[in-house]
Amino acid sequence: MSEEVEETGNLTDGFHLVIDALKLNDINTVYNVPGIPITDLGRYMQAAGMRVLSFRHEQNAGYAAAIAGYLTQKPGICMTVSAPGFLNGLTALAHATTNCFPMILISGSSEREIVDLQQGDYEEMDQLAIAKPLCKAAYRILHAEDIGIGIARCIRAAVSGRPGGVYLDLPAKLLGQVMDADVGEGSLVKVIDAAPRQLPSPEAIGRALDVLKDAERPLIILGKGAAYAQADDAIRTLVESSGIPYLPMSMAKGILPDTHPQSAGAARSLVLKDSDTVMMIGARLNWLLSHGKGKAWGETPKKFVHIDIEPREMDSNVEIAAPVVGDIGSCVEAMLEGMGKGWKKPSAAWTDAVREKVESNVARMAPRLQNNNVPMDYHGALGALRTIIKERPDAILVNEGANTLDFARSIIDMYQPRKRLDVGTWGVMGVGMGTAIAAAVETGNPVLAVEGDSAFGFSGMEIETICRYNLPVCVVVFNNGGIYRGTDVNPAGEDVATTVFVKDARYDKMMEAFGGVGYNATSPDELSQAVNAAMDSGKPALVNAVIDAEAGTESGRIGNLNPQSVVAKK
Ligand code: OXT
Ligand code: ADP
Ligand code: MG
């Protein structure tokens, strides 16, 4: 930090205006990797009482910011240096936009005049142009007096309507621009009502209720938009008063506890096929729901009611009989009011059929979860972790991998909203450590990160970050020695197969290198003991969970998406 700044009495500059503008809007946490031209910005932020967490790679800082936005409804901030740092942060910005998480990627950039003439500046790149197609909005601020307005525009763009990623370009020169401190203060903008409620029209609510009234086998699908909306009580009341079975998408698990009698999570195939009317709340009919048509949806013709804040989501894949456009809290409350007291619940024939399927699937899985096999299979290992989440329902479960993800989703019951954080709409490997760090920082809750060994490798260096900030994160690496399985063989040549890693790797030693506690677990009992000890301690820990290399399947439950070669089949 330079002395001059402290001596300059009634002057301010770009650095301090950025900080004041963020703080004025209640943004006090930044996830970043320092370097030219933003190193001092991070230092001044810390000096001004903001929490600035430094990562080992911008992509992980970006994933942290994205999930911070999801958890708090305020834009998560990722800050990077120019060109390479910016590009490293960009995947996370695109991920935030794709998942409808509010986030702002703030990147320093090089001198405009030199960049635009392509004269070879330090880290020269037209970052604004590159960011634009990957986010909801992209802005550049050139004058210190515009910082207040610029940051206000970023905040509003990130959180209003359908939330998403926003890019903010801060050229190095801007940060050093000086102006009168009072004028500077007067230029700041406090954003009023950044995400205004959007009330659905009474006609839309009436239409939706009419469609539901006619339904014989209705289903509610809850998506992560419903979890984001933080309308937990209203959603629970709607589900319970309607009596309709509900299916939670992966990150919507826990809005109502997975053990709820109306949960159809364990009867997914049946309810998609046999329902005749489906009310979507904060979920899209994208690939994760087979686009609302085809084999997974069976022969029964469907009518859809769709609650979403984004009007263009309606009819995106199939016809929507009753579009309800508005914020989920307002829409769900309006639906509840319209249903009134005399609402006729669905027939017992339908709800009993769903319940029976749930119970038979749960009963079929139960004995497999009790096994204490060595080496562990997914059911044995996840059976142990399932009990731990049941006993610690406020812990946040972070989950990525292929088999590790898919098995954990169906095996580990969630009991509270926004406690399951995973790979999201794109199925991105590498979100794990950034997500775990932000979850701990934003909520203060304990975090259990259940990671495939490949998935962990994408962001594994951030365990140093976890140790540095002494966060209550227990990472469990499901070590099956590879991507999907550890058994692939290269039929030609000396290299190992493309999906195979070093055998018998000890990821726990990595954690020990940074002062955290490492455990090696070879059985479900050992796993359970290690995770309980780690979570009791509240200290950074990593458990290397040795999983049978033969246990998984190619691509987990989405192997059907792999294209097939005719030549290879011959
Ligand atoms: O009803 P039916 O009978 O059908 O049964 C269903 C439920 O009713 C039932 N169920 C239950 N039964 C009993 N009890 C309970 N409680 C219960 N709950 C449910 O179980 C079944 C299944 O239920 P589910 O899961 O709800 O339903 P289903 O059919 O699976 O749902 C469909 C989907 C599509 C919604 C679901 O499958 C889903 O959400 N999938 C997400 C998949 C995903 O996103 N995967 C990640 C990407 S895979 C791949 O791309 C990978 N890569 C490439 C790569 C990526 N992704 N990113 C980057 C940056 N680079 C490269 C890589 C490298 S994965 C990967 C690494 C993998 O290796 P790892 O080592 O990390 O991991 P391992 O595989 O473990 O080795
Ligand atoms: P999932 O992957 O769980 O199915 P998606 O990410 O596909 O969920 O869908 C989330 C949806 O929620 C998006 O279409 C988004 O527009 C919507 N959404 C997000 N926040 C709100 C909100 N507050 N009110 C209404 N809709 C919302
Ligand atoms: Mg693996």
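In listed order, ligands and their atoms are each counted from 1. Note that the structure is a prediction, hence the values are computed from the model and not measured.
D413 and T259 are not linked by any side-chain donor-acceptor pair at a separation below 3.5 angstrom, with hydrogens and angles left out of the test. In this model, no donor atom of one side chain and acceptor atom of the other lie less than 3.5 Å apart for T300 and D274. Between S275 and R217, the side chains place no donor N or O within less than 3.5 Å of an acceptor N or O (distance only, hydrogens not considered). In this structure, a donor-acceptor pair under 3.5 Å is absent between the side chains of Q59 and N88. A donor atom on one side chain and an acceptor atom on the other are found under 3.5 Å apart for N520 and N544. Between the side chains of N286 and N317, no donor-acceptor pair of N or O atoms lies under 3.5 Å. A donor and an acceptor atom, one from each side chain of R420 and S250, are located under 3.5 Å apart. Residues E462 and S459 have side chains that never bring a donor and an acceptor to within less than 3.5 angstrom of each other.
In terms of protein heavy-atom proximity, atom 7 (C) of ligand 1 is closest to G265 O, 3.6 Å. Among protein heavy atoms, atom 48 (S) of ligand 1 sits closest to I558 CD1, 3.9 Å. Here the heavy atom of the protein found nearest to atom 44 (O) of ligand 1 is G427 CA, 3.4 Å. Given atom 62 (C) of ligand 1, the protein heavy atom at minimum distance is M429 CG, 3.6 Å. T404 OG1, 2.6 Å is the protein heavy atom nearest to atom 75 (O) of ligand 1. Protein heavy atom at the shortest distance from atom 45 (N) of ligand 1 is L405 CD2, 3.5 Å. Atom 26 (O) of ligand 1 has as its closest protein heavy atom R268 CD, 3.5 Å. Nearest protein heavy-atom contact of atom 20 (N) of ligand 2 is Y228 CD2, 3.5 Å. Here the protein heavy atom with the shortest distance to atom 23 (N) of ligand 2 is A229 CB, 3.8 Å. Here the protein heavy atom with the shortest distance to atom 18 (N) of ligand 2 is G225 CA, 4.0 Å. For atom 63 (C) of ligand 1, the nearest non-hydrogen atom of the protein is S454 OG, 3.7 Å.
Aromatic pair F101/W426: centroids not less than 6.0 angstrom apart.
Between D422 and R409 there is no salt bridge, since none of the side-chain N atoms of the basic residue sits less than 4.0 Å from a carboxylate O of the acidic one. By the 4.0 Å N-to-carboxylate-O rule, R355 lies close enough to E359 to be salt-bridged with it.
Contacts of N361 with ligand 1, taken as heavy-atom pairs under 4.0 Å, involve both backbone and side chain. Only the side chain of R409 comes within 4.0 Å of ligand 1, judged by heavy-atom distances.
Interface of M249 with ligand 2, defined as ligand atoms under 4.0 Å from a residue heavy atom, comprises 3 (O), 4 (O). Listed by atom number, the atoms of ligand 2 under 4.0 Å from R162 heavy atoms are 13 (C), 14 (O), 15 (C), 16 (O). Set against the non-hydrogen atoms of G401, the atoms of ligand 1 under 4.0 Å away are 46 (C), 71 (O), 72 (O). Set against the non-hydrogen atoms of N286, the atoms of ligand 2 under 4.0 Å away are 7 (O). Atoms of ligand 2 lying under 4.0 Å from any heavy atom of G282, numbered from 1 in the order shown and given with element: 8 (O), 9 (O), 10 (C), 11 (C), 12 (O). Atoms of ligand 2 lying under 4.0 Å from at least one heavy atom of G223, given by number and element, are 3 (O). Here is the list of ligand 1 atoms found below 4.0 Å of a heavy atom in L288: 34 (C), 35 (C), 38 (C), 39 (O). Close approach of ligand 1 to N480 (heavy-atom distance below 4.0 Å) involves ligand atoms 76 (O). Residue-ligand proximity, K224 to ligand 2, at heavy-atom distances under 4.0 Å covers atoms 1 (P), 2 (O), 3 (O), 5 (P), 6 (O), 8 (O). Close approach to Y378 involves these atoms of ligand 1, each under 4.0 Å from a residue heavy atom: 73 (P), 75 (O), 76 (O). For ligand 1, the atoms sitting less than 4.0 Å from at least one non-hydrogen atom of V423 are 44 (O), numbered in the order shown with element in parentheses. Close approach of ligand 1 to A455 (heavy-atom distance below 4.0 Å) involves ligand atoms 71 (O).
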>> Checking K357 against S269 for the side-chain hydrogen bond (donor to acceptor under 3.5 Å, both in side chains) test, could you report, in this order, the C-alpha distance in whole Å, the side-chain angles of both residues, the deciding distance, and whether it holds?
In response: CA-CA 10 Å; K357 183 68 186 175; S269 298; over 6 Å; no
> Run the salt bridge (charged side-chain N to carboxylate O under 4.0 Å, His left out) check on E313 and R162 step by step: do they pass?
Replying inline: CA-CA 10 Å; E313 193 53 43; R162 169 182 278 175; 2.8 Å; yes
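By the neighbour-count criterion of 12 heavy atoms within 6.0 Å, atom CZ of R368 is sparsely surrounded, having that number or fewer from other residues, nucleotides or ligands. For K302, the NZ atom sits in a packed shell: over 12 heavy atoms of surrounding residues, nucleotides or ligands are nearer than 6.0 Å.
Residue contact check for ligand 2: C100 places a non-hydrogen atom closer than 4.0 Å to it. Contact annotation: A296 has no heavy atom less than 4.0 Å from any atom of ligand 1. In this structure, A267 is part of the shell of residues with a heavy atom less than 4.0 angstrom from ligand 1. Distances from ligand 1 to the non-hydrogen atoms of F478 include no value under 4.0 Å. The shortest heavy-atom distance from S250 to ligand 2 is not under 4.0 Å.
Considering only non-hydrogen atoms, atom 18 (N) of ligand 1 lies nearest to S410 out of S360, S410, A363. Closest to atom 14 (O) of ligand 2 by heavy atom, among D422, D308, V159, is D308. Within the set Y484, F458, F407, the minimum heavy-atom distance to atom 68 (O) of ligand 1 is found for Y484. Comparing I281, I328, L285 against atom 22 (C) of ligand 2, the shortest heavy-atom distance belongs to I328. Counting only non-hydrogen atoms, the option in A366, A266, G457, A402 that gets closest to atom 10 (N) of ligand 1 is A266.
The CD1 atom of I483 sits 6.5 Å away from the OG1 atom of T499 when rounded to the nearest 0.5 Å.
Tested against V476 for a side chain to side chain contact (heavy atoms under 4.5 Å, CB included), the candidates N399, I388, L527 yield a single pass: L527. Under the side chain to side chain donor-acceptor pair (under 3.5 Å) rule, Y378 has a single partner from D406, T553, N480, which is N480.
Residue side and main chain included, G482 places an N/O/S atom under 2.8 Å of the Mg ion (ligand 3). The nearest N, O or S atom of S454 is not closer to the Mg ion (ligand 3) than 2.8 Å.
A pairwise comparison of heavy atoms in L285 and G292 identifies CD2-CA, 3.8 Å as the closest pair.
Of the polar atoms of I309, at least one N or O is found under 3.5 Å from an N or O of ligand 2, judged by distance alone.
Proximity of Y415 to K390: side-chain heavy atoms (C-beta onward) are separated by under 4.5 Å at one or more points.
Within D453, the N, O or S atom lying nearest to the Mg ion (ligand 3) carries the name OD1.
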